[in-house]
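Report on one structure; see the data block that follows.
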Amino acid sequence: MMPFRDLQAQYRALRDPLEAAVVEVMRTGCYVGGPYVEELEERLAAFVGVRHCVTCASGTDALVLSLRAWDIGPGDAVFLPDFTFFATAEAVLTVGATPVLVDVDERTFNIDPQAAKDAVEAVIAEGRLVPKALIAVDLFGLPADYGSLRALCGQYGLRLLEDSAQGFGGAIGETRDGAFGDMAITSFFPSKPLGCMGDGGALFTNNDTWASLVRSMASHGAGTSKYDNVRLGMNSRLDAIQAAVLLVKLEALASEQAKSEQVASRYSEALRATSAELPFVPDGFTSAWAQYTVRLPEKLDRKALCRGLAAANVPVRLYYARPLHEQAALRHADCWHGATPVADRLARTVLSLPMGPYLTEEDQRQVVAAFAGILERGA
Ligand SMILES: *Cc1c(COP(=O)(O)O)cnc(C)c1O
């Protein structure tokens with residue numbers, strides 16, 4: 001079976017510089033933080049176009065650190081899409097605040113600004129929680145509707161946190177993903193658009209105070225040194241081997257994303273006549289193509305389709321088969337949500353196809369033939 005996302009092909013393509021970089025780190029004896037991490041932070045901040053990048057141990061930690069830097073905790077409401085990876089909500093609960101799950105846009109899969117506005121109004125009307133922040137997720141690589149979200153956050157005095165775990169390399173016009181929120185986070189989990197060879201994450205901001213606060217909190221609440229502890233923090237740092245790997249992969253990112261763009265256009269061209277609804281990229285938006293996710297007709301038997309594709313050696317994934325409010329961990333938590341019919345419908349009808357810069361043309365043809373063939377026969 002072809003790989004769903006081919007990390008080994010990426011390794012083969014970048015083997016020489018990757019292996020040289022990792023060996024070099026082993027020789028330095030400097031394994032956590034240090035010059036590779038500093039260089040990476042500078043490069044990433046320049047790439048995104050913001051003043052500060054602070055790396056840490058994972059995207060989830062980056063979310064927690066952002067919320068802590070804003071002093072968000074018990075009694076605070078944080079708005080986020082009901083259709084995203086669990087970590088977005090988990091971070092809110094980790095700091096003791098209440099996630100408010102908001103419905104998403106049918107076509108972009110991203111948080112619906114009007115539904116977010118309604119949710120903020122509902123929380124204010126109820127009077128129990130204080131609306132503090134909104135987390136927008138750049139789902140499957142597509143930036144959220146930051147024009148509307150920024151206006152909404154301005155109107156209600158909310159901080160805007162951009163969860164760009166899947167969006168690194170995406171853009172709206174000339175503005176890169178990671179530059180849209182008051183703070184933004186990304187993840188370097190191996191399968192993300194910019195992945196390392198383990199866990200890692202980063203925060204981006206133009207705000208000097210938040211950047212130094214987050215840097216301190218990621219290193220045991222360090223003051224002037226690691227042994228001067230001025231606040232409660234955590235141990236969440238990127239190690240030098242991952243930084244060295246990321247420096248190599250960052251160099252390759254632009255050409256990789258051009259290839260992903262090509263795969264997406266080929267899919268969209270070849271599948272246009274099928275009954276599947278194809279990914280929608282609004283004018284002026286650039287997707288990082290973390291996933292190529294289609295919507296199937298409601299009446300179609302998705303399980304049978306998946307079985308048919310597996311039989312044709314085409315691996316697929318259901319991102320996400322459940323909206324957040326159906327996750328057991330959230331059902332019993334202090335979690336707020338109204339009706340989210342779009343998230344419910346997406347969870348029932350989405351399907352993600354094999355994707356990535358190293359997906360061969362032959363594999364792309366095989367995906368298209370199997371998928372279109374089964375849809376035509378009306379699985
Ligand atoms: C992967 C992901 C995260 C968490 O990142 P980790 O580095 O795995 O902790 C957060 N939000 C979204 C939307 C993600 O896809």
Side-chain angles (χ1 to χ4, degrees), residues 3-11 14 18 21-22 32 36-37 40-41 43-44 47-48 53-66 80-81 83-92 94 109 135-143 161-170 177-178 183-204 214 218 234-250 252-253 256-257 260 287-293 315 317-321 324 327 329 352 354-359:
F4 181 73
R5 188 174 190 90
D6 198 345
L7 296 175
Q8 282 166 307
Q10 185 193 39
Y11 168 64
L14 303 173
L18 281 173
V22 169
V32 176
Y36 282 89
V37 173
L40 176 69
E41 290 181 342
R43 294 263 190 101
L44 288 172
F47 180 88
V48 168
C53 168
V54 180
T55 52
C56 63
S58 71
T60 307
D61 279 3
L63 287 167
V64 170
L65 287 163
S66 308
L80 61 117
F83 192 67
T84 175
F85 179 58
F86 180 65
T88 317
E90 186 180 30
V92 175
T94 297
F109 307 132
I135 309 180
V137 178
D138 303 323
L139 202 72
F140 305 148
L142 182 70
L161 178 56
E162 177 185 355
D163 180 343
S164 177
Q166 302 180 13
F168 197 83
D177 235 59
M183 276 199 271
I185 71 95
T186 198
S187 161
F188 303 127
F189 185 77
S191 60
K192 308 280 169 148
L194 178 62
C196 61
M197 292 180 159
D199 274 309
L203 298 102
F204 300 93
V214 161
M234 57 205 271
N235 173 5
S236 183
R237 295 171 302 223
L238 190 70
D239 61 70
I241 286 180
Q242 300 307 337
V245 164
L246 285 164
L247 280 165
V248 172
K249 291 205 188 181
L250 183 60
L253 187 72
E256 287 185 348
Q257 293 203 331
S260 295
S287 176
W289 293 113
Q291 304 296 344
Y292 186 93
T293 302
R317 302 276 188 275
L318 302 184
Y319 294 134
Y320 296 95
L324 286 185
Q327 294 288 2
S352 302
M355 186 59 194
Y358 298 95
L359 190 71

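The aromatic rings of F83 and F109 are tilted relative to each other, their planes meeting at an angle between 30° and 60°. Ring planes of Y319 and F4: perpendicular class, angle over 60° (limits at 30 and 60°).
The main-chain N or O of A57 is found under 3.5 Å from a side-chain atom of S236 such that the two form a donor-acceptor pair. Judged by distance alone, with hydrogens and angles left aside, the side-chain atoms of T186 form a donor-acceptor pair with the main-chain N or O of S164 at under 3.5 Å. A donor-acceptor contact shorter than 3.5 Å is absent between the side chain of Q291 and the backbone of F140. Within the 3.5 Å criterion, the main-chain N or O of A62 finds a donor-acceptor partner in the side chain of S66. Panel note: side chain Q166, backbone L139; no donor-acceptor pair is recorded below 3.5 Å. Looking at D6, its side chain does come within 3.5 Å of a backbone N or O of A9 through a donor-acceptor pair. Proximity of a side-chain donor or acceptor of Q242 to a complementary backbone N or O of M197 within less than 3.5 Å is detected.
Residues C56 and L65 meet the side-chain proximity criterion, which asks for heavy atoms closer than 4.5 Å. With a 4.5 Å cut-off on side-chain heavy atoms, P3 and Q8 do not count as touching. Between D177 and F168 the shortest side-chain heavy-atom distance does not fall below 4.5 Å. S352 has its side chain out of reach of L318: every pair of non-hydrogen atoms, C-beta onward, lies at least 4.5 Å apart. L253 is listed as a side-chain neighbour of F47, based on a closest heavy-atom distance under 4.5 Å. The shortest side-chain heavy-atom distance between V137 and L80 does not fall under the 4.5 Å cut-off. With contacts defined as side-chain heavy-atom distances shorter than 4.5 Å, the pair R5/P357 qualifies. The shortest side-chain heavy-atom distance between L238 and L246 falls under the 4.5 Å cut-off.
Remark: E90 engages no residue in a salt bridge (Lys or Arg N to Asp or Glu O under 4.0 Å) (not counting sequence neighbours). Considering only residues two or more places apart in sequence or on other chains, R237 meets the side chain to side chain donor-acceptor pair (under 3.5 Å) condition with S219, N235.
Closest approach of A244 to Y36, counting heavy atoms only: CB-CD2, 3.8 Å. Closest approach of G167 and A288 over heavy atoms only: O-CB, 3.7 Å. Closest heavy-atom contact between G198 and P190: O-CD, 3.2 Å. The shortest heavy-atom contact between L40 and A243 is CD2-CA, 3.9 Å. Contact record, L359 with P354: CD2-O, 3.6 Å, taken as the closest heavy-atom pair.
In this structure, the separation between CG on D138 and OG on S287 is 9.5 Å, given to the nearest 0.5 Å. The line from CG of D163 to OG1 of T88 is 4.0 Å long, rounded to the nearest 0.5 Å. Note: I241 CD1 to L18 CG = 12.0 Å, rounded to the nearest 0.5 Å. To the nearest 0.5 Å, atom CG of residue L14 and atom NZ of residue K249 are 7.5 Å apart.
Counting only N and O atoms by type, the side chains of E256 and Y358 include a donor and acceptor under 3.5 Å apart. Counting only N and O atoms by type, the side chains of D199 and S58 include no donor and acceptor under 3.5 Å apart.
The distance between the ring centers of F86 and Y320 does not fall below 6.0 angstrom.
Remark: K192 is positioned above the aromatic ring of F85, its terminal NZ or CZ atom under 6.0 angstrom from the ring centre and at most 45 degrees off the axis.
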Exercise. Hey, mind stepping through T55 and E41 against side chain to side chain donor-acceptor pair (under 3.5 Å) and telling me if it holds?
Worked result: CA-CA 7 Å; T55 52; E41 290 181 342; 2.7 Å; yes
